[in-house]
Trainee: 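To start, I am sharing the structure in question, which I have written as structure tokens.
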Amino acid sequence: MTTDANMVAVALPTRRERRLPTRSGKSYFIRTFGCQMNEHDSERIAGLLEADGMNAVASIDEADLVVLNTCAIRENADNRLYGNLGHLKADKDARPELQIAVGGCLAQKDRTIVRDRAPWVDVVFGTHNIDRLVSLLDQADEWGPVTEILDESSSVPDLPAKRDDPHRAWVTIMIGCNNSCTFCIVPSLRGAEMSRRPSDVVSEVRRLVADGVVEVTLLGQNVNSYGRDLDLGGRKPLFADLLRQVGAVEGLERIFYTSPHPKDFNRDVAEAMAETEAVCEHLHLPLQSGSDRVLAAMHRGYNAERFLGKVEMAREVLPDLALTTDIIVGFPGESEDEFQATLDVVAASQFDSAFTFIYSPRPGTAAAGMVDDFIDPDVVRERYLRLTGLQDEISFDKNKATVGQTLRLLSGGPSRKDDAVTSGRSRTNKTVNVAGSVAAGQLFDAEVTIAHPHHLTGRLV
Ligand code: 5AD
Ligand code: SF4
């Protein structure tokens, strides 16, 4: 646990323990940065605050409490947090009773720095103690600002989530990551892998379905390692088993999951996907680089050939599979030829879409020490544009190939731009806009009529 001059001893009695009034009737606003894991953590933060009697509002101006749930994966996230905190100072000056809490990965990473740089923050909490937020707010109310960062989680938290979408839900199956990709700060912030028991995951999915959910996304930093840390009477549950068990929950229509690691993605999982009706034809397989030297320097545990072998195997087992990926451009020392190797693997893999990132050195990671090999930012930007140009063409071609197909869609209700249009999502995770009204949460069929670079248009059939 971090100690700092302003930190209040955890043992102080809270308002609740002394039966003083809580935050009932007060309002909160949460701003979330980063990945789906963080989005889901924010739902749980909302769940905790609502259980304490608070209600959500749409803007900081109306809020009694502002929570920033931060991300640290790339450097621009740092700058955005401190920019946001700068704006919040003006709010706090105008309304001293406003409470500000900062949690998530960047809080975990920066620990006491957050309050050194922004002393007007009331509570700094980390990735391992979300469940403590209400108590920490109580402490801050009474005794002044508090920072509490734990080094690890004692268990995977099972907290009530307040979901914005009544039909789709995230389900955490594991936390942490035991890999050591040299660019990645996640293992140092989210700790060692810890899986939830399959029975706990399945019970949560059953509860969600009873509540109206038809689609779940199973979340883990590295889902292929699921279960390795568990011992169920001498047996370790595998991710493939979990997919089958979740797939057997009656009333559940769709399962997505993210993310597998290419080095561990195997035929068993692909077959479990194929055999389990609810598991959708979508796989997010992060490539990171197509160069064998760069992949080795990243400690990814596979080379280009093995990656392409996994892609081939997955498409053989799941012919309708849509494939997405993550790619980093400008890893230290990346030569023009090595970047070309990435373009080659991208062309060969024919991803449906890719999340592309410019390498960002993260403190404490091995790659951040390779300073002599950092690449000229102009060169990286030019490569980045070439990569996104190529992938955009492939994505558009993939979309064009769906024209004339009938796709099963899950309605998300009216599209953001036009009330007369329903926005649906396919089992391949593509957005299809369809004229007409289909209630959110309903499954329906549509024929694709027009392909756009990043979405599709269809008509009801
Ligand atoms: N710089 C750039 N991209 C990164 N990612 C992770 N760490 C970094 C970094 N330091 C990307 C990887 C990962 C995705 C979630 O974020 O591609 O798969
Ligand atoms: Fe980071 Fe690699 Fe773990 Fe993914 S698998 S969270 S990239 S260390």
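Indexing begins at 1, ligand by ligand and atom by atom, following the structure's order. Below, each value reflects all heavy atoms present in this structure, side chains not excepted, and no hydrogens, waters or symmetry copies.
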Trainee: Work out which heavy atom in Leu456 is nearest to a heavy atom in Ala451; give both atom names and the distance.
Mentor: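 Taking every non-hydrogen atom into account, CD2-CA, 3.9 Å.
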
Trainee: Could you tell me which non-hydrogen atom of Thr258 sits nearest to which non-hydrogen atom of Val223, and how far apart they are?
Mentor: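 Taking Thr258 first and Val223 second, the nearest heavy atoms are O-CG1, 3.7 Å.
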
Trainee: Would you say Gln288 has any N or O atom under 3.5 Å from an N or O of ligand 1, going by distance alone?
Mentor: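 There is such a contact, yes.
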
Trainee: Among Phe331, Phe183, Phe339, which residue meets the ring-ring contact (aromatic ring centres under 6.0 Å, His included) test with Tyr359?
Mentor: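 With Tyr359 as partner, Phe331, Phe183, Phe339 yield a single ring-ring contact (aromatic ring centres under 6.0 Å, His included), made by Phe331.
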
Trainee: Would you say ligand 1 has an N or O under 3.5 Å from any N or O of Arg362?
Mentor: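 No, Arg362 has no N/O under 3.5 Å of an N/O on ligand 1.
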
Trainee: Using a 3.5 Å distance criterion without hydrogens, assess whether the side chain of Glu152 forms a donor-acceptor pair with backbone atoms of Ala192.
Mentor: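 A pair under 3.5 Å: no.
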
Trainee: Which of the numbered atoms in ligand 1 are under 4.0 angstrom from any heavy atom belonging to Arg74?
Mentor: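 So the answer, numbered in order with elements, is 1 (N), 2 (C), 3 (N), 4 (C), 5 (N), 11 (C), 16 (O).
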
Trainee: Would you mind telling me if ligand 1 is within reach of the side chain of Phe183, the backbone, both or neither, using heavy atoms under 4.0 Å?
Mentor: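 It is both parts that get close, each with some atom under 4.0 Å.
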
Trainee: Out of Thr365, Ile327, Asp326, Ile328, whose heavy atom is nearest to atom 13 (C) of ligand 1?
Mentor: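 Among Thr365, Ile327, Asp326, Ile328, the closest heavy atom to atom 13 (C) of ligand 1 comes from Asp326.
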
Trainee: Could you tell me if Arg117 sits above the aromatic ring of Tyr82, with its cationic atom closer than 6.0 Å to the ring centre and no more than 45 degrees from the axis?
Mentor: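 Because its charged atom sits under 6.0 Å from the ring centre and within 45° of the axis, Arg117 does stack over Tyr82.
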
Trainee: Mind checking whether Ile358 has a heavy atom under 4.0 Å from ligand 1?
Mentor: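 It does, in that a heavy atom of Ile358 comes within the 4.0 Å cut-off of ligand 1.
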
Trainee: Return the option from Thr356, Ile73, Val186 holding the heavy atom at the smallest distance from atom 6 (C) of ligand 1.
Mentor: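 The nearest heavy atom belongs to Ile73.
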
Trainee: So, Glu281 and Arg427, do they make that salt bridge, N to O below 4.0 Å?
Mentor: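 Salt bridge: yes.
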
